[in-house]
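Right, one structure below, let's go through it.
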Amino acid sequence: MSPDRTMPPASFEHLSLVGGIRAAMHRAPGKIAFRHRERTRSYRELLDRIDRVGVALTAGLGLSAGQHGAIVGKNSIEYMEIVLGAAQAGVAMATVNPRLSVPEIVAICDDAAARVVFADPELAAALRDADFGILPAIIEIGPDLENLLSQAQSRTPVVGLPLVHEWDDFTIPYTSGTTGKPKGVRVPHRSRILTLFGMAVEYGCYSPDDRFLALAPMCHGAGMVFSLAPVFFGGYAEIIDKFEPDEVLGKLGEGQLSGFFAVPTHFHAMLAAESSALQASRQHRLKTIISNAAALPQVMKEKLVAHFGAGLLHETYGSTEAGIVSNLRPADQLRKQQCVGQPFPCTGIELRRADGTRCAPGEIGELFSRSPYLFNGYWGRPAETAEAFRDGWVTVGDLARRDEEGYLYIVDRLKDMVISGGLNIYPREVEEILFQHPAVLEAAVIGVPDERWGEVLKAFIVPRPGMSPVVDEIQAFLAARIARLKVPKHIAFIEQIPRNANGKVLKTELRERD
């Protein structure tokens with residue numbers, strides 16, 4: 001008799017993030033899983049609290065599987081416990097950037113239909129007075145949380161919690177709003193678990209013996225996954241809730257850490273630190289450095305390799321919707337200029353023309369990927385979900401090209417591309433040249449309306465301290481290196497480039513300024 005293909009085999013078990021951590025706990029229950037400042041959590045303590053969160057949400061607060069919550073807080077051990085405990089109970093948490101204003105936080109919680117909101121003390125009071133559309137329970141991450149967990153301690157953990165399928169939503173991080181209104185990205189358990197296994201293969205720093213520094217904001221997809229990976233495989237993670245370059249360099253110089261993940265703004269601040277801190281960090285024993293979330297300028301790549309040494313740096317490209325899509329390994333960092341590498345394990349990549357046909361090598365097209373890491377869709381936005389998916393492939397609107405060896409180069413976002421006089425111009429190309437100018441600290445380029453050309457480029461530049469570049473000189477510098485039509489017609493010098501918590505430039509804000 002042929003097998004019933006509609007039913008899983010008797011041996012089937014759903015992939016589970018908490019299940020992976022529980023397995024790691026059985027290896028060494030007393031081992032420290034997380035450290036945050038002076039506080040630590042052993043694997044046994046971590047699992048006990050994760051289980052209590054799940055019981056507290058269901059038996060205590062009355063939430064059921066399929067409902068949502070939200071968390072608005074800085075990086076902490078409690079942050080991971082809340083997200084994982086809720087996920088185990090089938091309650092996906094919207095991970096909200098704590099740097100947003102109270103009205104922005106309320107709008108996201110309402111959009112996510114959050115029934116409970118966990119918040120840092122300084123935000124909890126303001127949120128209790130806020131005007132929510134759906135009035136949630138507000139739980140302060142502090143005494144409120146500890147009281148909630150203490151009431152759950154007499155119950156048998158896990159018993160009574162619903163079965164969570166691997167394709168169910170794990171979290172709902174919200175897009176940064178760099179190109180429009182934030183959208184809730186439904187990230188399934190399966191996506192993140194398989195991503196972790198791919199990371200273990202690709203990066204080589206997630207064994208039980210590895211020690212990882214978790215400094216990126218957990219409210220974003222990358223910060224969450226790179227903080228989860230160490231404990232999923234039985235290792236150790238040290239959590240940082242406020243990035244201080246000298247502190248991070250000092251920790252690296254102690255020689256106890258094997259890896260860390262950061263975004264370009266972190267790297268920039270580290271390389272600009274006092275020489276004594278930089279010198280101390282040379283004593284590191286790192287195996288892996290990972291960059292993601294925003295383009296890493298080629299100039300900065302070269303500086304990182306020169307400082308930390310060859311054989312360490314990975315530049316990863318991906319999105320919350322598609323997960324990790326590609327990775328440029330250490331051996332190729334200086335060989336492949338402005339490149340984001342080759343496909344991540346189990347990932348297919350296609351570059352397509354506007355008519356849907358595939359691009360030839362060297363031709364620029366919209367990037368589509370297909371893998372086990374894809375999201376479930378945007379929460380409550382079926383039209384935008386349909387726009388992101390094409391026959392099982394997903395796009396977030398990035399433009400890229402591939403070379404003859406199959407290496408990928410992100411050219412720009414489709415929405416950022418400027419059409420001037422009928423010609424396509426990619427602002428990222430201009431930004432890369434601007435980064436080479438000795439007086440330019442940061443730069444971002446956008447398109448602005450022009451009566452004659454339709455659109456022209458405008459560059460926003462943050463000068464290096466003590467330097468005062470002038471417009472004509474910057475334009476001459478660019479004209480010597482790129483076509484005249486790509487030289488920005490307008491240049492503005494500003495104090496700071498607007499970015500989200502994960503380091504992505506908020507070009508919507510720049511356009512609003514113009």
Side-chain angles (χ1 to χ4, degrees), residues 53 56-58 60-76 78-83 85-87 89-145 147-148 169-187 217-221 223-224 241-242 320-321 375-385 498-502 504 506 508-509 512:
V53 168
L57 287 174
T58 53
L61 296 177
L63 274 73
S64 57
Q67 292 185 317
H68 299 157
I71 181 166
V72 195
K74 299 184 295 293
N75 288 1
S76 66
E78 289 81 3
Y79 195 110
M80 298 302 295
E81 292 168 342
I82 291 166
V83 169
V91 177
M93 302 296 288
T95 53
V96 186
N97 185 348
R99 294 170 60 182
L100 296 177
S101 68
V102 169
E104 289 173 316
I105 293 169
V106 170
I108 288 176
C109 292
D110 281 346
D111 185 78
R115 302 288 177 174
V116 60
V117 178
F118 292 88
D120 282 345
E122 58 270 27
L123 283 170
L127 290 174
R128 287 194 178 99
D129 295 331
D131 186 17
F132 286 91
I134 300 174
L135 187 62
I138 307 295
I139 308 296
E140 179 183 323
I141 301 175
D144 286 355
L145 175 63
N147 182 55
L148 190 68
D169 296 343
F170 163 54
T171 54
I172 309 177
Y174 270 70
T175 59
S176 57
T178 54
T179 58
K181 186 178 178 181
K183 300 186 290 290
V185 182
R186 299 171 50 220
V187 176
M218 293 174 179
C219 60
H220 290 276
M224 172 64 68
D241 60 81
K242 183 179 180 182
T320 310
E321 292 91 334
F375 74 136
N376 284 341
Y378 296 113
W379 167 250
R381 295 172 184 250
E384 287 166 280
T385 298
R499 297 177 184 271
N500 66 15
N502 222 23
K504 291 184 178 179
L506 296 172
T508 48
E509 289 193 16
E512 289 169 2

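Every heavy atom of this structure was used, including side-chain atoms; hydrogens, water molecules and symmetry mates were not. By convention here, the first residue in the shown sequence is residue 1.
Between Glu140 and Ala124, the shortest heavy-atom distance links the atoms CB-CB, 4.0 Å. When every heavy atom of Leu145 is checked against every heavy atom of Glu78, the shortest pair comes out as CD2-CG, 3.8 Å. In plain terms, the two heavy atoms of Pro182 and Arg381 that are nearest each other are O-NH2, 3.3 Å. Listed here is the closest heavy atom pair of His68 and Ala112: ND1-O, 2.8 Å. Closest approach of Thr58 to Ala89, counting heavy atoms only: CG2-CB, 3.8 Å. Across all non-hydrogen atoms, the minimal contact from Gly73 to Tyr79 is O-CE1, 3.4 Å.
Partner of Cys109 under the side-chain contact (heavy atoms from CB on, under 4.5 Å) criterion, out of Ile105, Val106, Asp111: Ile105 alone. For the side-chain contact (heavy atoms from CB on, under 4.5 Å) with Asp120, the lone residue among Ile141, Ile71, Leu127, Asp241 that qualifies is Ile141. Of the residues listed (Val96, Asn97, Leu100), the one engaging Cys219 in a side-chain contact (heavy atoms from CB on, under 4.5 Å) is Asn97, and it is the only one.
In this structure, Ile82 CD1 and Thr95 OG1 are separated by 12.5 Å, a value rounded to the nearest 0.5 Å. Here the straight-line distance linking atom OG1 of Thr385 with atom CG of Asn376 works out to 9.5 Å at 0.5 Å rounding.
Here the side chains of Thr320 and Thr175 are not in contact, with every heavy-atom distance at 4.5 Å or above. In this structure, the side chains of Tyr378 and Glu321 come closer than 4.5 Å at one or more pairs of heavy atoms.
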Any chance you could lay out the side chain to side chain contact (heavy atoms under 4.5 Å, CB included) test for Trp379 and Tyr174, step after step, and finish with the verdict?
CA-CA 10 Å; Trp379 167 250; Tyr174 270 70; 4.0 Å; yes
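With hydrogens and angles ignored, the 3.5 Å screen pairs a side-chain donor or acceptor of Asn75 with a backbone N or O of Met218. At distances below 3.5 Å, not a single donor-acceptor pair connects side-chain atoms of Arg186 with backbone N or O atoms of Asp169.
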Distance-only criterion, 3.5 Å: show the donor-acceptor pairs between side-chain atoms of residues 128-137 and protein atoms not counting sequence neighbours.
residue : atom : partner : partner atom : Å
Arg128  : NH2  : Asp144  : OD2          : 2.6

